[in-house]
2 protein chains.
Amino acid sequence: MAGIREQKKKQTREAILAAALQLFTRKGYENTSIDELARRAGIGKGTIYSYFQSKSQIFLAFCEEQLEYVYNELAVKSDSRTSLIDQLLTLFMGEFRFINRNKEFGRILMRETVFPKDLTGARSRELDNKYIDLLMPLLKEAQKRGELRTDIEYILVVGHFYALYIMAVSGWYMGRLLTEEDVYMVLESLFSQALQGLAPGRKVEA
Amino acid sequence: MAGIREQKKKQTREAILAAALQLFTRKGYENTSIDELARRAGIGKGTIYSYFQSKSQIFLAFCEEQLEYVYNELAVKSDSRTSLIDQLLTLFMGEFRFINRNKEFGRILMRETVFPKDLTGARSRELDNKYIDLLMPLLKEAQKRGELRTDIEYILVVGHFYALYIMAVSGWYMGRLLTEEDVYMVLESLFSQALQGLAPGRKVEA
DNA sequence: TGGAAAACGTGACCGCGGTCGAATTTAACT
DNA sequence: AGTTAAATTCGACCGCGGTCACGTTTTCCA
């Protein structure tokens, strides 16, 4: 049959990811060597590099799987009866909880996502597009409800909110924000600022 | 005299940084080995590690020196006759030009600054405080001129603008924005959004 | 079915960042 | 000056991520 090779490749790839899940989780990313990973996956060290370009790529693949799950959950939860700001908070805090669960993982993910190397550029773009896909419907609904201006490019709005999320996460990594609640509150404040505007002068309505 | 040792230490430290400046600039960060750095600085490899904790720390020290210069320049240029948004753009684009001049350097700096490891946390906090010190007077003047709300914590305003700057830089690293002009324009749009607010409803005035 | 060719797996090997205890230099005190 | 303790320098050494030439397996076609 045509697929013997293909099947094995898939199996091997999954074996690597499974080994990564175990070892990264138990011993952390930095403390897990490629040698160990290979042994655990039952393959040679060199083989790993015909499935992934680098150690960090293994890690990112692992993260993407996890995030896929998080995103799907959030897509279901999405409740159009609440305000845009609450929806955004739910979305971003969902991802933050993943980061919060493992600081080290999250840092690598965020670093690679926000400031990618040329190599990983394409990857991070994909992740980015997922954000856009997730936020777009929320934004459009918000516009219908009159919560959001209609005269701005979507990409800039998405970028604006995502920027504020990054800032909150950064504050957490820098030790300015200590708990999930701190992050939540700051994020809420920032989102609120973004909607109301930093310039003075009341809105005609809110 | 009391300072023979102190003097030598300072000299050695500077020799390392000088060697770093040369080699990093000529060959790039990743392609410069500690061995090479030590040889160029005329000292042993191990010695370097009694002056810096890691290779990236050498790099950050180097960046901080450079940025110090950039900041001082900007502090002078600060022109209170222009609008807040222009002042912010001048400030952030000043830093961006440094990053733009060397993509690789900038990435490491940004990664370490925005998502620091526990070790480098204190350092990045310092850099952060510099931002606050730089922005604070601008914000206060803007408030006097009526360009900025007076009912928000300064730290959140600084964070808001800084977040947008990070997003623009990120867009550049991801290849969405290609030139300095692209970054400038996006940053301008985002700042404008931040001031006017994303929610609909005109301001009473601008 | 046999045998060449393409794809794949492998672990010895490389250069690197970082460590450590021994060796050397400096400071301090009698 | 002589002696000792402390500070500093040093490079052999370690484990790691990543490479590559070679051996093995799979595919394909005569």
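Throughout, a chain's letter reflects where its sequence line sits, starting with A, and its residues are numbered from 1. Treat the numbers as computed from the prediction; the structure is a model and nothing was measured.
Under 3.5 Å, the side chain of Lys45(B) and the base of dG18(C) form at least one donor-acceptor pair of N or O atoms.
As a whole-Å value, the separation of Ile34(B) CD1 from dG11(D) P is 15 Å. Rounded to an integer number of Å, the gap from Glu30(B) CD to dG17(D) C1' is 12 Å. Rounded to whole Å, the distance from CD on Gln57(A) to C1' on dG18(D) is 14 Å. Nucleotide dA7(C) holds its C1' atom 11 Å from the OH atom of Tyr51(A), rounded to whole Å. Rounded to an integer number of Å, the gap from CG of Asp35(A) to C1' of dT10(C) is 12 Å. Atoms CD1 (Ile43(A)) and P (dG23(D)) sit 21 Å apart, rounded to a whole Å. Atoms NZ (Lys117(B)) and P (dG18(C)) sit 9 Å apart, rounded to a whole Å. The CD1-P distance, from Ile16(B) to dC10(D), rounds to 10 Å in whole Å.
Nearer the 5' end of DNA chain C, as judged by each residue's closest nucleotide, is the contact made by Gly46(A), out of Gly46(A) and Glu36(B).
Under the side chain to side chain contact (heavy atoms under 4.5 Å, CB included) test applied with Gln66(A), the options Tyr71(A), Phe98(A), Phe105(A) reduce to a single match, Phe98(A).
Between dC10(D) and Thr47(B), a contact under 4.0 Å exists linking OP1 or OP2 to a side-chain N or O. Regarding contacts with the backbone of dT8(D), every side-chain N or O of Ser50(B) stays at 4.0 angstrom or more from both OP1 and OP2. The phosphate of dC20(C) (OP1 or OP2) has no side-chain N or O of Tyr49(B) nearer than 4.0 angstrom.
In this structure, Glu180(A) and Trp172(A) have side chains that are not in contact, with every pair of non-hydrogen atoms separated by 4.5 Å or more.
A salt bridge does not link Glu112(B) with Lys117(B): every distance from a Lys NZ or Arg NE/NH1/NH2 to an Asp or Glu carboxylate oxygen is 4.0 Å or more.
Note: Tyr162(A) and Phe92(A) have parallel aromatic rings, judged against thresholds of 30 and 60 degrees for the angle between ring planes.
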